[in-house]
There are 2 protein chains.
Amino acid sequence: MGEPEERPDDAGRTARPRGSGDGSADRKSPGGSRARGGRPTMADVARAAGISTALVSIVIRGVPGASEATRQRVLRIADELGYVPDQRAQKLRQSRSRVLGVTFELQQPFHGDLVEQIYTAAGQQGYEAMISAVAPSRSETTAVNALLRERCEAAILLGSELETEELTRLARRLPTLLVARHTDLSGVGVVRSDDTAGIGLAVDHLVALGHRRIAHIDGAGAPGSSDRRLGFLQAMAGHGLQDTADVLAGGLTETAGAEGMRYLLGRPTPPTAVIAFNDRCASGVLDVLARQGCDVPGEISVVGYDDSRLAKLPHVQMTTVSQNAAELAEAAVTSALALIAGRQPEEVVLTPRLVERATTGPARS
Amino acid sequence: MGEPEERPDDAGRTARPRGSGDGSADRKSPGGSRARGGRPTMADVARAAGISTALVSIVIRGVPGASEATRQRVLRIADELGYVPDQRAQKLRQSRSRVLGVTFELQQPFHGDLVEQIYTAAGQQGYEAMISAVAPSRSETTAVNALLRERCEAAILLGSELETEELTRLARRLPTLLVARHTDLSGVGVVRSDDTAGIGLAVDHLVALGHRRIAHIDGAGAPGSSDRRLGFLQAMAGHGLQDTADVLAGGLTETAGAEGMRYLLGRPTPPTAVIAFNDRCASGVLDVLARQGCDVPGEISVVGYDDSRLAKLPHVQMTTVSQNAAELAEAAVTSALALIAGRQPEEVVLTPRLVERATTGPARS
DNA sequence: TTCCCGGACTAGAACGTACTAGTTGATCTC
DNA sequence: GAGATCAACTAGTACGTTCTAGTCCGGGAA
């Protein structure tokens, strides 16, 4: 391949230099007069404009106290120098950081929806969202600690699986808000949708379509899982169907859904409808059914949960229970701000809504 | 529902107070002697221990210069007070922030994989990754500006779609590294895998299995798209199959793949194999095929790209071209550090690898 | 004894910003 | 014409850390 590199491990790798002078050498001193190797500061702008840093600060923040002429000149000079305010110094100076910390799971589409909405909800309240990801190789504790060091004013944890003890410790140092998780812990705020009622909606819908044998592939130990399981059993019992209510241990991934569905299809009398723990799980269910040539909703109906991106895909059109990410996010930000303001933690429970799409239909039998 | 709230829009929402005294009132002054309403600082710890802040700093950072007895005592007191170092103040004082900024697309599974690996790769080099998400409602410019204000030492942009002009501006202020995107722009580093060769691997594989009519659903204007399109056409021509090479405008979502596949199935003579722009796109393709009762790989073979989480799902087992997220991430971090150290921007090209799984097989005809 | 050395510790100055409490000089009021 | 008012600007401190340049003290070497 290319010319050899001094890096030791360049197996299967090509590297060639690029550019011709626009590299880092130029970057070091764009302003000219600035001596140190850092980025331009307010003092650099002030010096270039022949005024005090205080006045530059006034202009940059856009507060009254500077003449229009000066304002224009300072902004122009700042732009020329490539000046960007140092957020760390800003926040350090201001007593309030106006930052909300958010932990989320990197591979959970619904968390992606929530994060997006939290960005905008926080922005509308003059706050900034700082996100910290949870992944197989990055524990929730690591993610939370990162937020702690950033001096967020509050932490919003999406679908947290933190131990009670750790949660208590966190809540002692920082206003803490749990989203989409149920907890009896006092001292932490909760914003969630009514999981029990949500699954109830799904059951009602299916029963109204004539289904009797309905299975629920649950979320195993995931947050909200036990509520949904309970909601399923209660709703089924409410329709007198406790004997045909079937609960399977599942999980929140496509794999869990696929395994669950394969198991159900192996039964002598498979259910005519399946309610999955979430959309990802339902995706796995649908995939297995499609591969088996099983018509959805002709032979089997499927309901997901979350109304995430996955459910909305035009070729999927999944019937699902919507937690309404936007509403949840807004409630989360509002609650977090209330906590910051010193109000007592509350539990906000939103009402979910059934979104009927194309994966449910009349029972066959 | 519950008792009325003072919030105006409490439609479908229940709120009840929770907890009994472990709320924010307690949180305000856990240390006891601390007057202001903030979190404990180094000075608080120093006061409680009866020593100077400098010595506390020495203990907290774990550098030599304190007796073992003091060390123990300070750590105990710090823990009791719930002291956490203020990262902003730390970074402000230190000339180097040791933070790498990363922008990524919230709903792109492969970006999730990359981010996860970047976290660990950065950590190994003593750096911290600060992530900033891109989503439909949050532009890449917004994401990049957030990083700029945080005084990251470098920016790593995953699959950026930034205009050349904006990219140039950014690169002038900050060492900038593009991942998985091709650019001729000098002054920015690039880490990508060889897209042309990658698609070539897929074509070679399919041709070896006897396929002749092969279609490529491309990535429309997405980064890397033109390289892959070119690679497809070149590889097909290399096998003398330029006449049966078929390129369709696609995109990087399931929807694009599904639409493309439906279109292909409507043809008089559909292809016997499809190479999608990425795994998400291939997911859409597979979904449509499953629904049509079309056997994969019996009737049609499908190849994805990225080897993301989606391809590895046990019930999917997608044949795909691996960009090896871990390797890409490590190269990205290494390159970013090189840029920070003042070395000239390079283009690092990794060699992709074909991962044969269950969605490809011998051509039927 | 004297001198020096080194371990344990501290005073105080940065870092880049925001903000309080001014200081100008000009215009307005009666 | 004297004081008041106002707009435009500045000096200097504080935010919570790190780090340089010390001080202090006990003990070993000469």
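The chains referred to below are lettered A, B, ... by the order of the sequence lines, with proteins before strands, and numbering in each begins at 1. When reading the values below, keep in mind they use all heavy atoms of this one structure, side chains included, and skip hydrogens, waters and symmetry mates.
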request  = Apply the test side-chain contact (heavy atoms from CB on, under 4.5 Å) to residues B:Thr120 and B:Gln117: give CA-CA distance (whole Å), side-chain angles for both, the deciding distance (0.1 Å), then the verdict.
outcome  = CA-CA 5 Å; B:Thr120 70; B:Gln117 301 296 333; 4.1 Å; yes
request  = List in chain and number order the residues that pass side chain to side chain donor-acceptor pair (under 3.5 Å) with A:Ser97, two or more places apart in sequence or in another chain; answer none if no residue qualifies.
outcome  = none
Option passing side chain to side chain contact (heavy atoms under 4.5 Å, CB included) with A:Ser132 (candidates A:Leu147, A:Leu157, A:Val102) = A:Leu147
ask   = Atom CD of B:Gln94 to atom P of D:dG16: distance rounded to whole Å?
value = 17 Å
ask   = CD1/B:Ile118 to CG/B:Leu100 distance, rounded to the nearest 0.5 angstrom?
value = 8.5 Å
ask   = Rounded to the nearest 0.5 Å, how far does CG of B:Leu339 lie from OG1 of B:Thr334?
value = 11.0 Å
By salt bridge (Lys or Arg N to Asp or Glu O under 4.0 Å) - contacts of B:Arg76 (at least two apart) = B:Glu80
ask   = What do the steps show when you test A:Arg173 against B:Arg39 for side-chain contact (heavy atoms from CB on, under 4.5 Å), and what is the final call?
value = CA-CA 8 Å; A:Arg173 341 202 134 182; B:Arg39 289 149 72 161; 5.8 Å; no
query = Is the CD atom of A:Glu163 crowded by more than 12 outside heavy atoms at less than 6.0 Å?
reply = no
query = Could you state the CZ-P distance from B:Arg149 to C:dT17, rounded to the nearest angstrom?
reply = 13 Å
ask   = Taking everything shown except B:Arg169 itself, do over 12 heavy atoms lie less than 6.0 Å from its CZ?
value = no
ask   = Has B:Thr70 got a side-chain N or O lying under 4.0 Å from the OP1 or OP2 atom of C:dC9?
value = yes
ask   = Using a heavy-atom distance cut-off of less than 4.0 Å, which residues of residues 54-68 of chain B contact DNA chain C?
value = B:Ala54, B:Leu55, B:Gly65, B:Ala66, B:Ser67
remark   = So, with a heavy-atom separation below 4.0 Å from DNA chain C, the residues of residues 85-92 of chain A are A:Pro85, A:Asp86, A:Ala89, A:Gln90
request  = List for me each residue that meets side chain to side chain contact (heavy atoms under 4.5 Å, CB included) alongside A:Thr141, sequence neighbours excluded, and say none if there are none.
outcome  = A:Ser139, A:Asn145, A:Leu162, A:Glu166
query = Could you give the CZ-to-P distance, from B:Arg47 to C:dC9, as a whole number of Å?
reply = 19 Å
task = Round to a whole Å and report the spacing from CZ of B:Arg73 to P of C:dA8.
result = 14 Å
request  = Go through A:Ser160 and A:Glu140 one step at a time and tell me if the side chain to side chain donor-acceptor pair (under 3.5 Å) criterion holds.
outcome  = CA-CA 8 Å; A:Ser160 169; A:Glu140 204 173 341; 2.6 Å; yes
request  = For A:Met42 and C:dC19, give me the distance from atom CE to atom C1', rounded to whole Å.
outcome  = 12 Å
message = On DNA chain C, compare the nucleotides closest to A:Thr53 and B:Arg71; which residue's is nearer the 5' end?
response = B:Arg71
Please enumerate all protein N or O atoms sitting under 3.5 Å from an N or O of nucleotides 25-27 of chain C, with distances to 0.1 Å.
none

inquiry  = Let's see if you can work this out: which of D:dG16, D:dA11, C:dG16 has an atom nearest to the side-chain heavy atoms of A:Thr41?
reply    = C:dG16
